[in-house]
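Heavy-atom basis, side chains included; hydrogens, waters and symmetry copies ignored.
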Amino acid sequence: MTQETESMANGLNWRTLVIMVLVVFAVVTYLHLQGFSSWELMRAGEEDPMRWNNSANMVGGEYILGTHDAYRWAAGGLGEGSGANEPPSQFLAGLSAVTGMSVGALAFWLPPLAAGVAAMVIALWAWALGGREAAMAAGILGGLAPGFFFRTRLGYFDTDMVTLLGPLLMSLVIAWWLKPMLHANLFEALGIGKKPGQEGAGKGERTQGESGLWGQEGASSVAVMVTAGFAARYLGTWHIHVVTFLMLTCILTLGLVLVLARPGMRGHCLWGLAAFGAAAMLGWLGLALGALITVFKGLPGQRLPKGVTSMWPALAAVLLVLLFMGGSQSLFSRTQHFMDAYSKPTAQIDRIQEAEMESAPLYPGVGQSIIEAQNIEVGEMLFKLHPWVWVGAVGVLGFVGLLLYRNSLVLIFPLLVLALLAWKYGTRTSMFGGAGVALGLCVPYCLAYPVPGPGKDTLGAWLAWAGLVAGAGALSLVPYDPAWYVAGCWVFGVLAFFPISRLLDRGAAVFAISLQALAGLMGLVLGLALLLILVKRADADTWLSALFAMIFGALLPMFWFANRRLAGTFRQSAMVFGLLTVILGLLLIPHWRIAGSLRPTPVLEKYHGLMLKELGRVGDQDAMVWTWWDWGYATNYYAGLRSFADGAKHDGEVVFPLGLALSTDSPLQARQIIEYSAQHGYEPWTQWTDMSGLELKELVDGMAVQDMGYAALETQYVVVSLENVKLSAWIIYFGLWDVSSGESSHPDLFRLLPDQTELDVEAGQLYYQSQDMTVPLTSMDLVTAQGEFLHEEYPENESGLHLLAVAQTGDFWLMGHSVYNSMLVRLLLCDPEDPEISENFVLALDLFPFVRVWQVAESP
């Protein structure tokens, strides 16, 4: 049966694929858009106070963006800030010119659309692996994996959209191009499991080479790889780690070709890989080399020198391309750079300073303070793959099993590994695992030797799988323990994933199948026992998860029946597709809840954005703005002014002077560290390279007690906002950092729930109900709902704790002396006429108590 005949017989042709990927795009995009407003309020034209559709989340007619980095590209689209002329900024600017929408509006609405496109690529991956019936389910589940979903919500315009899409797309093109020319797996390449003289797949089995988009020989085939390489080159300009993955993909593809290429195809595959790598990594010269290879492949064989068409010249070309793109050394250095960035050291040491002097200043490590880089527990890591953690674990195991059948899946294996390392390198890396888990969950059930399956029509084949999911579902009712969970999955699943009977003689296979049946029976017994034991300890969501585990197990015999008894027929495709659609519907239950419950995450308050716009209107256009680095890009966008620090400039040597200016209790020191930095090109650390840490500490300490006569050439603005208080634990930590010892400490800072507090203004006491404790206050600053400001001091109380409460925003902060006396709080609350303040700072714009803009006073 030909490829097209079989495809039509099964009812799954290219038109079916188009419909599937469009459904995937629609569902994934729709759920991403649920965070905007409820359907009922949208129909009524009303605002939703719990979602984005709320005027409180708007500045200047645009919705506030959801991540700090989004403002880098939005500002860059306007030609402002460090993101100007970068590909994401150019993309926004070009799209804005075409559509007439502002770059801010585009940055708000585009991420859900990008998520839908990435989901379509996952669906195409499923189709390419032979899981045609699984394309829709895999695409939707992969596009909605929480780790990826949280990074592609409304307002989250960032390179994350491309750091997953790029690797998935480039590896898909390579895998699909190679399909007709590679064996599906190593077993097939070695002839394991086939009778002598048997070729191709067994009855009903789909091979990885059953279909291909392009011909196996000739210039047109190589031209596809050149075009793909040129596209990959553009995607690589969005983020350095896309380039890292590109290099790794070329190396893994080389291994696949050398090991799995069908007879006579190795040379052609290698020439195509050489053309792809050259076009992707070697600039315009590489593109020219790719074109040259294309022309070369188009020449008639008799016009080529003897031996040129063999494997060895092509292998040499690939190795030369890898050598010029940096090879393993460059890949290692890029990987090491990533690991260093996300290992979150407490202190960083400049390598030059470290080489020149052992007592060099020690600057703080910033990675530890970045939310997306924070380490997560194994349970949360699995949650980022699917809201029901056992599903994530089963998907990981399914990926491993599928990899045994479809070795080309190794091209995206690094993405899954990166996601599983989120416990070490931070929650952001978890976004890369959804694709692999979705494929591992869905595709195996579409293959003629489905996972599980020892290759025999036995009860043990599906009983082991049923035991795996039942045991895992029951274990999900236990308070999470990684050892229990992982051990349970492996005990009930490993044997079921491996096609044992195809590799062993009959006697050994019978024994192995018996072990599989026993493992499955153990899983079912344990699952039922735990369900009975824990019936009173589980909440509704956990019960739903465990119940689906049982349903999932019950459906497995139906997959087994479809693939064994109905192989190669339309009924097989229809039954498998129907079963996967049922599973998809059940697995989407927690996704619907998440999509509807997530709250907006504007990166700054409306008042903050309005004040920045006003500063851009009335302020000095050559001025430098001193604000915490999280709002550096927003300052570029709203005010059109430079910021001392931002998301691309926030290393330890940057946040130390910035944090000091905001953390010190000395207005004189704050003014002088700003002036000193301005005098030295806003890179004061260049003057500290020859100092020891102790000398630098003495220098900055002296700024608090003596006027050094520094002067800034440009106007200097300092922006303080109520939002600074939320980050003050880290701002104070960095600002009071000891550059000689490399140490600091976090200040006392506690956020309270207003409805849990009772205040005795006369006695200066706060009673906190949830902790059943009374705290004596040293001072109290209250802003009422009517905007009245009340300040009280209680010197008789020695607790050292101060209360800052703003009724309009619901902010109730209990803080220690170091926070309360810092510039970030003093400049927010103080009387502008206070002599100590007015000698160093002049109030330029005031929106008390939300945000204030101060101008550094001229030195006397």
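- Look at Lys726 and Glu723 and you find no salt bridge, because none of the NZ, NE, NH1 or NH2 atoms lies under 4.0 Å from a carboxylate O.
- Checked against the 6.0 Å centroid criterion, the rings of Phe848 and Phe789 qualify as a close aromatic pair.
- Residues Leu604 and Tyr638 meet the side-chain proximity criterion, which asks for heavy atoms closer than 4.5 Å.
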Worksheet item: Between Trp52 and Phe108, is a ring-ring contact (aromatic ring centres under 6.0 Å, His included) present by the stated rule, with each step listed?
Response: CA-CA 10 Å; Trp52 281 105; Phe108 179 80; 5.2 Å; yes
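- Both tests pass for Lys649 against the ring of Phe644: distance under 6.0 Å to the centre and angle within 45° of the axis.
- You'll find the side chain of Ser677 reaches within 4.5 Å of the side chain of Trp626, heavy atoms only.
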Item to complete: Take Ile732 and Leu824 through the test side-chain contact (heavy atoms from CB on, under 4.5 Å) and record every step on the way to the result.
Response: CA-CA 9 Å; Ile732 301 297; Leu824 65 88; 4.3 Å; yes
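- A side chain to side chain contact (heavy atoms under 4.5 Å, CB included) with Leu766 holds for exactly one of Thr774, Leu759, Val761, Leu801; it is Leu759.
- Using the six-membered ring where Trp is involved, Tyr733 and Trp730 have ring planes that are perpendicular, over 60° apart on the 30 and 60° scheme.
- At a threshold of 4.5 Å between non-hydrogen side-chain atoms, the residues Trp854 and Ile837 count as touching.
- You'll find the side chain of Glu788 stays beyond 4.5 Å of the side chain of Val783, heavy atoms only.
- For the residue pair Ser838 / Glu833, no side-chain donor-acceptor distance below 3.5 Å is found, with atom types taken as modelled.
- Of the options Thr67, Thr163, Asp160, a side-chain hydrogen bond (donor to acceptor under 3.5 Å, both in side chains) to Arg151 is made by Asp160 and by none of the others.
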